[in-house]
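Single-structure report; data block below.
Computed over heavy atoms, backbone and side chain alike; hydrogens, waters and symmetry mates excluded. Letters A, B, ... mirror the listed sequences (proteins, then strands); counts begin at 1. On a predicted model such as this, the values are computed, not experimentally measured, just so you know.
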2 protein chains.
Amino acid sequence: MKWSELSDNWCPVARTLSVLGDRWTLLILRDCLLGFSRFEQFAESGGMTRHILADRLKRLVEAGVLVRQPYSDAPKRYDYILTDKGQELAPALMTLRDWGKKHLPVRRATAS
Amino acid sequence: MKWSELSDNWCPVARTLSVLGDRWTLLILRDCLLGFSRFEQFAESGGMTRHILADRLKRLVEAGVLVRQPYSDAPKRYDYILTDKGQELAPALMTLRDWGKKHLPVRRATAS
DNA sequence: ACGCCATAGTGCTTTTTTAGAACTTGCTTG
DNA sequence: CAAGCAAGTTCTAAAAAAGCACTATGGCGT
């Protein structure tokens, strides 16, 4: 089964995963919730390649989680903004964050 | 960046995704929460190949989310059981389920 | 003992995805 | 005119996943 087929699954968890069930999508969304909105911001923040980033942004726009809003006409440029649908992923991100904080302590310290 | 490197990320969301950030892992966990515990049950339920299933179960055991408990000595056989750490993913699964129910309606009806 | 079934995986080959780095495009600024 | 920035796109190689078939271990029926 390829993961596009998941989008019509009877199970809502499976359908959700058809949208954000990969390593990078939720990290992009996390960045959106932190206020990021541009390609370069996402690229610098996450560890994914620009290639994957472009692909994931496209998928998220198709899925209605983000919208691509022009912020410059001159060289056509866009902000990626959370829709209401996307905003409502905040609780999900928080439960995942809480689980990580509780159960996955950092081994290699990066913060002071 | 490969996804194993995510496990030491400063961000707890990223660390969480290093454990369950793929298309199938959360579906296996969903099945666990529904009471499934055996290889064949997971195999019949989800759409992943047996190959991937075996790999994900191994990772989940290594991550301390599941434990592999023998239920038969004769032919060595095991149940995969949620640990407390695994049980605590229930809220996360529920928020994902709720989001899916609300925002990703089924297009191709499968239920009556 | 022999064939057949069940569970829990492995092996192998093909296809799809990802990584990683360079390149393109459109426009701005020095 | 050269340099730079933002937002991608292209290309190649490597990794992961799909899809089947196959193995291993033991039970059961005859």
Side-chain angles (χ1 to χ4, degrees), chain A residues 1-9 14 17-28 31-32 35-63 66-82, chain B residues 1-9 14 17-29 31-32 35-63 66-81:
Chain A
M1 194 198 255
K2 18 216 77 145
W3 78 274
S4 52
E5 295 174 43
L6 230 43
S7 57
D8 284 311
N9 198 285
L17 292 177
S18 80
V19 175
L20 35 79
D22 81 295
R23 308 196 226 338
W24 305 118
T25 301
L26 281 166
L27 292 180
I28 295 172
D31 287 349
C32 290
F36 290 16
S37 65
R38 305 208 175 148
F39 193 93
E40 293 298 323
Q41 290 179 303
F42 300 128
E44 281 157 35
S45 160
M48 85 281 286
T49 62
R50 313 170 70 69
H51 201 70
I52 296 301
L53 174 56
D55 179 74
R56 292 305 183 270
L57 289 172
K58 201 188 309 172
R59 283 175 192 269
L60 286 170
V61 169
E62 279 164 17
L66 298 180
V67 276
R68 194 158 170 262
Q69 284 183 347
Y71 73 87
S72 152
D73 265 336
K76 285 273 182 195
R77 255 135 236 221
Y78 303 88
D79 277 313
Y80 292 91
I81 305 292
L82 285 168
Chain B
M1 193 198 255
K2 18 216 78 144
W3 75 278
S4 52
E5 295 174 43
L6 230 45
S7 59
D8 284 311
N9 199 285
L17 292 176
S18 79
V19 175
L20 33 81
D22 82 293
R23 310 198 225 336
W24 305 118
T25 301
L26 281 166
L27 292 180
I28 295 172
L29 262 12
D31 287 348
C32 289
F36 290 15
S37 65
R38 305 206 176 150
F39 193 92
E40 293 299 324
Q41 289 179 305
F42 300 127
E44 281 158 35
S45 160
M48 85 280 286
T49 62
R50 315 169 68 71
H51 212 80
I52 296 302
L53 174 56
D55 179 73
R56 292 304 184 275
L57 288 171
K58 202 189 308 173
R59 283 176 191 269
L60 287 170
V61 169
E62 279 164 17
L66 298 180
V67 277
R68 194 158 170 263
Q69 286 183 349
Y71 73 87
S72 151
D73 265 335
K76 284 276 180 191
R77 256 135 232 215
Y78 302 88
D79 276 314
Y80 293 91
I81 305 291

To the nearest angstrom, how far is [X] atom [atom1] from [N] atom [atom2]?
| X | N | atom1 | atom2 | result |
| --- | --- | --- | --- | --- |
| B:Phe39 | D:dT23 | CZ | P | 17 Å |
| A:Met48 | C:dA19 | CE | C1' | 13 Å |
| A:Arg38 | D:dC5 | CZ | C1' | 12 Å |
| B:Asp55 | D:dA15 | CG | P | 15 Å |
| B:Leu53 | D:dC20 | CG | P | 17 Å |
| B:Gln41 | C:dT7 | CD | C1' | 11 Å |
| B:Asp79 | C:dG9 | CG | P | 11 Å |
| B:Ile52 | C:dT10 | CD1 | C1' | 13 Å |

Nearest to side-chain heavy atoms of B:Glu40, which nucleotide of C:dA8, C:dT18, C:dT10: C:dA8
Under 4.0 Å protein heavy-atom contacts per nucleotide of nucleotides 21-30 of chain C, with B for base, S for backbone only and - for none: -B---BS---
Between [N] and [X], is there an OP1 or OP2 to side-chain N/O distance shorter than 4.0 Å?
| X | N | result |
| --- | --- | --- |
| A:Arg68 | D:dG8 | yes |
| A:Arg56 | C:dT18 | yes |
| A:Trp24 | C:dT17 | no |
| B:Tyr80 | C:dT7 | no |

All side-chain contact (heavy atoms from CB on, under 4.5 Å) counterparts of A:Ala63, not counting sequence neighbours: A:Val19, A:Val65
Note, A:Leu53 side chain near A:Met48 side chain (heavy atom, < 4.5 Å): yes
Any side-chain heavy-atom pair of A:Asp22 and A:Arg56 under 4.5 Å: yes
Side-chain ion pair, A:Arg50 and A:Glu40, N-O less than 4.0 Å: yes
Lys/Arg-Asp/Glu bridge criterion (N-O < 4.0 Å) met for A:Asp79, A:Arg38: yes
Touch class at under 4.0 angstrom, heavy-atom based, for A:Phe42 against every strand present: nothing
Test applied, side chain to side chain contact (heavy atoms under 4.5 Å, CB included); reference residue, B:Leu60; option that passes from B:Val67, B:Thr25, B:Asp55, B:Leu20: B:Thr25
A:Arg68 to A:Tyr80 - nearest heavy-atom pair and separation: NE-OH, 3.2 Å
